[in-house]
Amino acid sequence: MLKKALGLLDPTQAELKATVLRQCQLITHPNLRITVFGPFNYGKSTLLNALLGKKTLPIDLLPTTGAAILITYGPELTSCITLANGQVIKESGTQLLQRYATLNEQGHIRQEVVAITVACPHPFLHSGVELLDLPGTDDRKAQNKLVHTKLLEADVVIQLLDGRKLMTLTEREHLQTWLIDRGITTVLFVVNFLNLIEPEERHQVMHRLQLVAQDFRATLPDGVSNIYRVDALPALRATLKGDMAAITQTGLPTLESALHTLVQAGRSQQHRMLRLLPLVSQMQQSLQQQLQALKAMPQPDSRRTALKQRAQELLQKGFQQSVAELQAWLQLENLLAHYQDDLATALQKNIAPLWLEETLQPVWKQKKIAVTEWVYKACDIFEQPQPTDLWVGNTSHMVTPTEPYEAVAALYQEAARKYLINFSKAALADLDTYKTTAKSVLYQPIAMSISQQQRAGQQTLLENTLIELQHLQDELKNFNQ
């Protein structure tokens with residue numbers, strides 16, 4: 001039902017389409033996905049390493065995790081990187097993560113990385129669990145967008161908090177807009193760094209957290225709390241040493257027990273179904289807007305549309321021809337053949353600026369106008385803003401030789417050649433930029449006129465789909481009850 005409705009969404013809703021399709025695929029995903037979420041430097045990777053009993057993920061004082069790292073079961077510790085070009089890189093151990101899972105030198109997510117998976121031979125993962133380590137929030141826009149997307153794929157969210165600055169304004173906003181409003185309510189709050197504050201303050205922190213966390217109780221099994229205290233770094237150190245008494249003091253075993261209970265409850269499919277509710281509402285809103293726009297469309301005028309299409313074809317043809325002529329004129333060999341000798345003479349006579357103003361610039365201006373006038377016409381016809389004109393600044397500093405002309409004729413020729421080389425490069429680069437800008441005007445989509453019968457058919461299809469979505473929404477609400 002959802003996939004059929006997706007086919008009616010207009011192209012501007014590409015992100016909503018992708019999200020709904022992904023959620024449909026996740027309905028039958030066999031594993032339970034536990035996702036760790038929170039600002040950078042809160043200890044997310046440290047907590048996961050403590051749960052896994054080894055330093056599997058990168059840990060640094062900087063916001064290093066630049067990608068979502070999915071940890072699944074495997075007989076040996078192995079890292080797998082999938083790149084945007086389709087290449088898959090696989091190595092034993094996790095040294096590969098230092099090269100691909102951390103931020104680049106500019107502090108940005110590596111765009112060439114599509115997916116990162118770590119296989120780990122841990123019994124907890126063997127029970128059908130996946131762990132997802134997300135980049136820290138509140139550091140970069142691209143990281144926030146990635147986290148926002150990946151949270152919808154989580155069955156259980158571990159929201160890691162800093163006990164020294166519990167629930168900042170941004171964290172409270174994320175709770176509402178990133179979790180509650182999107183139907184993500186299976187959340188465990190884990191407070192880190194309580195070992196660094198006074199005992200009396202610890203009780204106050206946990207009391208404040210209880211007030212915030214009460215909205216997330218409904219979707220948890222009986223006997224599972226949604227508030228935990230885990231000192232992540234001491235827990236990791238104690239785990240690596242095998243010191244059970246120290247591990248117990250960090251609070252890690254209590255969180256582990258809760259996660260095991262959630263796995264045994266096996267309610268992931270129900271949570272995923274409920275995750276569709278807000279998405280169905282978004283689809284209803286989008287389709288309703290499309291229906292209203294369809295009803296408000298003026299009567300079809302096929303003749304006017306045909307005239308616009310013909311005008312667009314002529315404008316595109318004229319623009320392409322003018323660009324081709326300007327590109328040919330700007331080719332270095334043509335500029336040198338036409339202007340090098342004259343410019344060298346002007347340099348020798350110390351009148352190069354006057355020569356440029358009276359000889360080269362007028363031709364350049366005329367040929368620019370021949371290109372831009374097609375764009376101006378398109379702006380008028382299609383009611384689009386005019387792009388910035390072609391422009392080339394001072395491309396080089398011409399140095400006039402001071403020796404007698406007869407002795408250094410070759411130097412004047414070389415100075416003229418250098419100027420024309422720079423002019424050609426700069427002008428061609430400006431022309432390429434202008435061509436890209438002009439495309440948005442010259443290739444403006446023209447709405448095809450549709451017949452009254454076609455419009456009625458589309459309207460009926462949208463209305464029927466909205467009715468079916470309402471039924472689906474009611475079923476999902478009943479499923480929740």
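Basis for what follows: all heavy atoms, side chains included, without hydrogens, waters or symmetry-related copies.
Summarising the geometry, atom CD belonging to Gln249 is positioned 8.0 Å from atom CG belonging to Asp243; distances are rounded to the nearest 0.5 Å. Between atom CD1 of residue Ile69 and atom CD1 of residue Ile116 there is a gap of 5.5 Å, rounded to the nearest 0.5 Å. Note that the CE atom of Met1 and the CG atom of Leu276 stand 12.0 Å from one another [nearest 0.5 Å]. Residue Asn192 holds its CG atom at 9.5 Å from CZ of Arg229, rounded to the nearest 0.5 Å. One distance of note links NE2 of His207 with NE2 of His203; it measures 12.5 Å at 0.5 Å rounding. A distance of 6.5 Å separates CG of Leu209 from CZ of Phe189, quoted to the nearest 0.5 Å.
Around CD of Glu198, the count of heavy atoms belonging to other residues, nucleotides or ligands within 6.0 Å does not exceed 12. Residue Gln95 qualifies as open at atom CD: its count of foreign heavy atoms under 6.0 Å is 12 or below. Atom NZ of Lys377 has more than 12 heavy atoms from other residues, nucleotides or ligands within 6.0 Å. Within a 6.0 Å sphere centred on CD of Glu15, heavy atoms belonging to other residues, nucleotides or ligands number 12 at most.
Ring pair His174/Phe37 is tilted by interplanar angle, where 30° to 60° counts as tilted.
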- Using the side chain to side chain contact (heavy atoms under 4.5 Å, CB included) rule, take Met283 and Leu469 through it: C-alpha gap first, then chi angles, then the decisive distance, then the call. CA-CA 8 Å; Met283 292 177 64; Leu469 283 176; 4.3 Å; yes
- Task: Could you walk me through whether Asn144 and Val147 pass side chain to side chain contact (heavy atoms under 4.5 Å, CB included), step by step?
- Result: CA-CA 5 Å; Asn144 276 4; Val147 172; 5.6 Å; no
- Query: When you look at Gln473 and Ser281, which way does the side-chain hydrogen bond (donor to acceptor under 3.5 Å, both in side chains) test go after all the steps?
  - Reply: CA-CA 8 Å; Gln473 190 177 52; Ser281 297; 3.0 Å; yes
- Message: Between Gln159 and Val190, is the side chain to side chain contact (heavy atoms under 4.5 Å, CB included) condition met? List the steps.
- Response: CA-CA 6 Å; Gln159 167 115 29; Val190 176; over 6 Å; no
- Item | Step-by-step side chain to side chain contact (heavy atoms under 4.5 Å, CB included) determination, Asp10 to Gln289 | CA-CA 10 Å; Asp10 66 47; Gln289 290 173 352; over 6 Å; no
- Message: Evaluate Ser45 against Asp133 for side-chain hydrogen bond (donor to acceptor under 3.5 Å, both in side chains), listing each step before the verdict.
- Response: CA-CA 7 Å; Ser45 298; Asp133 186 22; 2.7 Å; yes
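A salt bridge does not link Glu201 to Arg164: none of the charged side-chain nitrogens sits closer than 4.0 Å to a carboxylate oxygen. Under the 4.0 Å criterion applied to side-chain N and carboxylate O atoms, Asp474 and Lys477 are not assigned as salt-bridge partners.
The shortest non-hydrogen separation linking Met206 to Leu194 is SD-CD1, 3.8 Å. Minimum interatomic distance between Cys379 and Gln386 (heavy atoms only, all atoms of both residues): SG-CA, 3.7 Å.
The ring-ring contact (aromatic ring centres under 6.0 Å, His included) test applied to His126 returns Tyr73, not counting sequence neighbours.
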